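Because the structure is predicted, anything quoted here is derived from the model rather than measured. Numbering starts at 1 and runs along the sequence shown.
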Amino acid sequence: MDEMQWGKGVKKIPSSVCSLPCKPGERKRIMKGMSCCWQCELCDGYQYQFDEVSCKLCSYNQRPNENRTGCSPIPIVKLEWHSPWAVIPVFLAMLGIIATIFVMATFIRYNDTPIVRASGRELSYVLLTGIFLCYIITFLMIAKPDVAVCSFRRIFLGLGMCISYAALLTKTNRIYRIFEQGKKSVTAPRLISPTSQLAITSSFISVQLLGVFIWFAVDPPNSIIDYDEHKSMEPDQARGVLKCDITDLQIICSLGYSILLMVTCTVYAIKTRGVPENFNEAKPIGFTMYTTCIVWLAFIPIFFCTSQAAEKVGENQVIYKIIIF
């Protein structure tokens with residue numbers, strides 16, 4: 001027997017069985033007409049070995065374990081504060097906050113000087129407040145989503161820009177009405193006092209807040225774990241993303257009113273482009289609105305393209321949207 005050779009020079013006696021036992025994670029597929037013989041098939045995709053002859057799908061929030069004999073929870077990811085994707089926006093936001101506070105402190109220090117009073121100090125403070133809130137939203141976008149954070153995200157998502165554009169729109173509208181009225185008579189137009197300007201700006205802002213409160217009533221804020229959007233073909237790469245229950249369409253709708261204010265302000269900026277050089281507010285506002293329109297024209301297509309891309313990149317896609325915003 002020691003000298004006996006089998007096929008291909010193998011000396012070991014071959015096992016005389018119809019089918020070998022299946023490995024963990026494989027099911028038996030019985031061969032037709034041969035009840036004692038089977039073929040081993042691996043449970044693929046998100047399936048696991050339920051028993052000897054069948055595989056079953058894991059639940060939506062689970063994936064097969066390493067040997068596919070059961071299921072394990074899909075890892076949950078969120079944007080961490082120490083991530084480079086968070087550190088860079090936070091750094092830029094801090095620079096913006098410091099610059100805004102510096103400008104506001106300068107205005108307060110020289111509050112009664114002619115140049116500050118001529119610039120419309122009341123609306124300038126409102127504008128600086130809006131800019132400050134635009135930087136603050138960065139921290140809310142990175143914070144761990146829960147009911148409180150998601151509620152503040154909804155409130156401040158478009159509020160900062162709404163306040164900024166409302167103040168700029170009130171300024172440009174005031175300039176336009178003053179010079180249009182000057183062509184007709186020497187009588188000053190109505191509602192150009194600081195108190196009136198603040199009232200007009202507040203009315204614009206109240207529309208945004210009313211829309212947010214209606215949104216709260218129709219769809220209360222909540223945090224969710226999204227397993228479907230970032231499920232890959234490979235279960236090992238599957239991730240659940242912890243995020244607020246806010247869709248891309250809801251984000252654009254929340255910003256829609258600010259876009260309307262921006263467009264209206266741009267129209268008035270174009271109308272007031274010919275004011276005298278001494279009245280120096282109109283041209284900087286006009287330049288600001290032109291560049292802002294260009295940024296928004298680029299922002300909206302990019303934002304929706306990242307939503308509808310066929311190839312998902314997991315957590316990085318969510319982070320990319322945050323940075324774009």
Side-chain angles (χ1 to χ4, degrees), residues 78-79 89-90 93 96-97 100 104 122-173 197-226 229 241-266 288-289 292-293 295-297 299-300 302-304 306-307 318-325:
K78 65 178 183 65
L79 186 56
V90 167
I97 289 171
T100 305
M104 190 173 291
E122 293 79 10
L123 287 181
S124 296
Y125 288 132
V126 174
L127 177 58
L128 289 169
T129 302
I131 295 172
F132 181 81
L133 292 179
C134 287
Y135 288 118
I136 288 295
I137 189 65
T138 304
F139 299 93
L140 290 175
M141 297 298 286
I142 299 174
K144 182 180 178 180
D146 55 28
V147 175
V149 170
C150 294
S151 299
F152 283 117
R153 280 190 191 181
R154 289 192 183 188
I155 295 172
F156 292 106
L157 184 62
L159 184 61
M161 281 179 282
C162 176
I163 293 173
S164 302
Y165 293 142
L168 289 175
L169 174 58
T170 306
K171 274 177 174 284
T172 51
N173 175 265
Q197 297 293 289
L198 288 176
I200 294 171
T201 305
S202 299
S203 65
F204 287 142
I205 297 170
S206 63
V207 175
Q208 172 76 18
L209 292 174
L210 178 62
V212 172
F213 292 143
I214 293 173
W215 186 9
F216 270 70
V218 174
D219 183 19
N222 194 17
S223 61
I224 60 171
I225 301 174
D226 188 350
E229 186 178 355
V241 180
L242 178 63
K243 63 181 184 179
C244 290
D245 189 13
I246 304 176
T247 65
D248 294 337
L249 182 59
Q250 288 173 332
I251 291 176
I252 295 299
C253 288
S254 178
L255 299 175
Y257 180 64
S258 298
I259 296 173
L260 177 62
L261 293 178
M262 177 197 67
V263 172
T264 308
C265 184
T266 305
T288 301
M289 300 318 300
T292 304
C293 287
V295 170
W296 274 95
L297 286 174
F299 163 77
I300 294 175
I302 292 174
F303 188 89
F304 277 105
T306 57
S307 302
V318 178
I319 298 167
Y320 181 52
K321 288 181 181 179
I322 293 172
I323 292 174
I324 291 174
F325 175 76

Side chain [X], main chain [Y], donor-acceptor under 3.5 Å:
| X | Y | value |
| --- | --- | --- |
| Q208 | I205 | no |
| T100 | L128 | no |
| S254 | I251 | no |

Please find the pair of heavy atoms, one from [X] and one from [Y], that lie closest to each other, and give the distance.
| X | Y | answer |
| --- | --- | --- |
| S258 | C162 | OG-N, 3.3 Å |
| P220 | A217 | CD-O, 4.4 Å |
| V90 | T138 | N-CG2, 4.3 Å |
| A93 | F139 | CB-CE1, 4.2 Å |
| S151 | P221 | OG-CG, 3.2 Å |

Atom [atom1] of [X] and atom [atom2] of [Y]: how far apart are they, to the nearest 0.5 Å?
| X | Y | atom1 | atom2 | result |
| --- | --- | --- | --- | --- |
| C265 | L261 | SG | CG | 8.5 Å |
| C134 | I97 | SG | CD1 | 11.0 Å |
| K171 | L127 | NZ | CG | 7.5 Å |
| L159 | I155 | CG | CD1 | 8.5 Å |
| N222 | C244 | CG | SG | 8.5 Å |
| F204 | Y257 | CZ | OH | 6.0 Å |

Original post:
Do the rings of F156 and F152 sit parallel, tilted or perpendicular, given the 30° and 60° boundaries?
Top reply: parallel

Side chains of [X] and [Y]: does their closest heavy-atom pair fall under 4.5 Å?
| X | Y | value |
| --- | --- | --- |
| W215 | Q250 | yes |
| V126 | E122 | no |
| D226 | K243 | yes |

**OP:** Kindly indicate, with the supporting measurements, whether the criterion side-chain contact (heavy atoms from CB on, under 4.5 Å) is fulfilled by I246 and R154.
**Re:** CA-CA 8 Å; I246 304 176; R154 289 192 183 188; 3.9 Å; yes

Subject >> Ion pair D245/R153, N-O distance below 4.0 Å >> reply: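 No, no charged N to carboxylate O under 4.0 Å.
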
**OP:** Apply the test side-chain contact (heavy atoms from CB on, under 4.5 Å) to residues L140 and I137: give CA-CA distance (whole Å), side-chain angles for both, the deciding distance (0.1 Å), then the verdict.
**Re:** CA-CA 5 Å; L140 290 175; I137 189 65; 4.0 Å; yes

Subject >> V241 and K78: CA distance, side-chain angles, deciding distance, side-chain contact (heavy atoms from CB on, under 4.5 Å) verdict >> reply: CA-CA 6 Å; V241 180; K78 65 178 183 65; over 6 Å; no

